Number of protein chains: 2
Amino acid sequence: MADIREVAKRANVSPSTVSRVLGGTTRVVEEKRARVLAAIDELDYRPNVSAQSLKGIRTRTIGLVIPNVRNLVLPAAIRGVEDVARNHGYAVVLCNTDEDSEKEQFYIKTLKSRLIDGFLFTTAKINSHNIKDLQAEGFPVMLLLRELDEQSHAVVLDHYNGAYQATNYLLSRGLKKIGLVNGSLDIKLYDERYAGYRSALKEAGLKVPDEAVVHGIDGGIEAYRAATRILLNRVDIDAFFATSDDKALGVMRAIKDLGLSIPGDISVIGFDNADIALLLDPPLTTVAQPLYEMGAAACQQLIEMIEAKQPVTPQIQRFPAEVVIRNSVK
Amino acid sequence: MADIREVAKRANVSPSTVSRVLGGTTRVVEEKRARVLAAIDELDYRPNVSAQSLKGIRTRTIGLVIPNVRNLVLPAAIRGVEDVARNHGYAVVLCNTDEDSEKEQFYIKTLKSRLIDGFLFTTAKINSHNIKDLQAEGFPVMLLLRELDEQSHAVVLDHYNGAYQATNYLLSRGLKKIGLVNGSLDIKLYDERYAGYRSALKEAGLKVPDEAVVHGIDGGIEAYRAATRILLNRVDIDAFFATSDDKALGVMRAIKDLGLSIPGDISVIGFDNADIALLLDPPLTTVAQPLYEMGAAACQQLIEMIEAKQPVTPQIQRFPAEVVIRNSVK
DNA sequence: AAACCTTTTGAAAACGTTTTCAATTATTTT
DNA sequence: AAAATAATTGAAAACGTTTTCAAAAGGTTT
């Protein structure tokens with residue numbers, strides 16, 4: 001690749017001038033400016049990012065730290081992140097941590113020495129120490145699909161309201177005995193979804209059917225086992241609220257394997273509106289998270305933080321959930 | 001972050017010496033070596049990648065160019081890539097092109113100015129001009145899940161054999177009237193899968209049921225429509241071979257929507273063994289691609305190319321396909 | 001103990017930029 | 001038209017490394 005000196009030579013100006021037309025920091029007389037632009041074009045010159053970053057210029061690279069790409073919901077959010085990143089000339093480096101603190105540590109280290117401009121975390125059980133440290137060092141940090149505290153920027157769903165709506169929708173369909181297949185209560189969002197579910201039941205004057213409520217479920221297989229157990233115990237249930245679509249998938253399998261029909265015998269509502277929800281049998285009624293939009297908003301905000309002169313005050317953007325009605329509820 | 005001079009000062013040596021203990025290029029007397037290591041540790045020093053890259057040192061960053069993360073099969077392959085990258089201290093920047101040549105061009109440009117060490121392409125309809133140019137410029141380029149020509153390194157599946165096996169499996173179950181829901185023949189792998197299907201039929205002395213064969217299908221929705229049309233035309237069929245799992249999903253929906261049962265009335269076999277295949281109803285019999293392993297192998301090979309002194313001779317690694325039997329075939 | 005190799009070390013140049021500073025050129029004011 | 005001011009420019013230093021080169025230190029051999 002051509003360097004700035006070649007461009008300067010060809011345009012018959014000094015490297016400083018070339019730098020100036022690129023950076024737009026100082027005016028350059030129109031004639032030279034045109035020559036420089038022409039030379040840049042002819043040589044297909046692009047400034048060397050390493051050299052720039054050495055001078056304290058942003059690298060236009062962000063680190064996206066997630067538990068695992070191999071997941072029903074993250075890819076949509078990642079796409080949102082990446083699309084706005086690209087539109088702003090940013091590149092995103094992808095880091096899977098499997099919620100493993102050591103891998104997270106490793107990535108933070110390598111990313112820092114790679115002079116990344118900012119971090120975007122989408123991990124559920126994160127080592128919050130890491131985040132705090134990063135913030136203290138002055139790195140822009142954004143949280144996506146999770147939140148830490150009032151001091152941290154985040155883009156999240158209104159999980160409470162989503163679960164509240166889901167439960168109310170079930171109730172509105174005349175379903176009163178609603179089991180819950182939920183994730184770990186240590187993860188804030190599952191705690192909130194649980195709260196939304198309880199509120200709706202309470203408002204309806206119903207009490208939580210404890211024998212049909214299970215927490216700490218991770219993934220479709222565990223959900224399958226949990227639902228099977230509940231059903232085998234002959235708990236009287238007419239619907240399941242699975243707090244993620246992959247759990248819903250497992251629950252549906254369990255119901256069918258026991259020879260019951262959906263939604264004839266038991267209704268199922270999920271959470272996430274993953275891409276596959278539409279293609280299940282029956283198509284899954286679920287609570288939609290605007291994943292793509294949330295990813296985009298988080299990235300947008302992160303870039304604003306990166307490019308802001310002074311620190312921007314922390315803000316938590318809470319996106320509304322929406323139940324999308326398909327055929328898995330009576 | 002501390003810089004090399006601070007480390008040098010603290011260890012009471014010159015920066016050159018610090019560089020030498022880090023790089024391992026020259027021997028350093030044990031005593032100083034220990035002091036340097038201690039200083040590095042105390043200051044939590046990590047060399048600045050930009051400064052290193054300016055000196056021609058590798059950045060340990062690779063660009064992974066894919067059509068879209070939001071896809072049934074790619075995340076598994078991406079995970080494979082990323083895991084071996086991490087194990088070698090490499091970071092991977094993710095680029096979604098949507099098979100759009102302009103986005104691809106954009107990414108190649110930004111990645112080049114970011115001094116990426118090598119490229120990994122996983123796009124089906126790629127602008128091969130771009131790849132050729134990159135190779136000509138001396139960039140290590142690796143193809144994953146697709147191949148270009150004998151001059152390019154690639155990790156691919158043996159699609160022909162996979163389709164051949166799938167078709168033979170159907171045949172072995174006594175299914176003789178096998179429809180095909182296939183992707184675009186412009187994409188090499190769909191052409192090969194088609195060839196495998198034809199070979200199996202031919203060997204069995206059967207001819208291709210043209211009214212039940214459709215190409216150019218992209219995604220579950222299109223597959224749904226195609227299968228519905230074939231079924232509505234009362235084409236006599238007892239099985240469908242869908243050449244990807246998302247197509248299989250659409251085909252299954254179509255069959256069920258017409259009140260037919262799987263595999264009772266019509267059997268279905270897919271291709272890919274996506275994570276969700278297991279959780280469908282019925283669990284989908286499909287041809288497994290070792291996606292994770294292929295991603296890992298491609299990344300391994302790319303890193304070897306990057307770190308090799310001289311160019312390594314192009315090689316195409318062809319992984320075997322395997323049919324995984326579940327319940328969607330009689 | 002002198003002469004010679006080896007090994008180990010530090011100084012300085014280089015990588016490709018940006019930016020400060022001073023010099024030059026252009027413009028305005030008198 | 002000269003003086004004063006403003007706009008534009010180039011030279012050089014700086015960013016944090018690695019590496020070449022030459023010097024210093026340490027060992028051998030005589």
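Hydrogens, waters and symmetry mates are skipped; everything else that's a heavy atom, side chains included, is used. As the structure is a computational prediction, the values presented were derived from the model and not from experiment.
Here A/Arg5 lies in heavy-atom contact (under 4.0 Å) with a base. Heavy atoms of A/Ser19 sit under 4.0 angstrom from at least one base atom. B/Ser16 comes within 4.0 angstrom of a nucleotide base, judged by non-hydrogen atoms across all strands.
What separates CG of A/Asn12 from C1' of D/dT9 is a distance of 13 Å, to the nearest Å. Atom CD in B/Glu31 sits about 15 Å away from atom P in D/dA25, given to the nearest Å. Spacing between atom CZ of A/Arg20 and atom C1' of D/dA7 amounts to 11 Å, rounded to whole angstrom units. If you measure from atom CZ of A/Arg35 to atom C1' of D/dT8, you get 13 Å, rounded to the nearest angstrom.
The span of DNA chain C lying next to chain A, judged by atoms under 4.0 Å from heavy atoms, is bounded 5' to 3' by C/dG16 to C/dT20.
In this structure B/Arg79 satisfies the salt bridge (charged side-chain N to carboxylate O under 4.0 Å, His left out) test together with A/Asp98, B/Asp83, sequence neighbours excluded. Under the salt bridge (charged side-chain N to carboxylate O under 4.0 Å, His left out) criterion, A/Lys9 pairs with no residue, sequence neighbours left out.
For the pair B/Ile62/B/Val81, a side-chain contact is recorded, criterion being any heavy-atom separation below 4.5 Å from C-beta on.
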B/Gln317/B/Val156 under side chain to side chain contact (heavy atoms under 4.5 Å, CB included): CA gap, chis, key distance, verdict: CA-CA 6 Å; B/Gln317 286 182 57; B/Val156 294; over 6 Å; no
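The aromatic rings of B/Phe119 and B/Phe121 lie parallel to each other, with less than 30° between the two planes, well short of the 60° mark.
A salt bridge links A/Arg58 with A/Asp117; the closest basic N to acidic carboxylate O contact falls under 4.0 Å.
Mapping B/Pro47 and A/Val28 onto DNA chain D by nearest heavy atom places A/Val28 closer to the 5' end of the strand.
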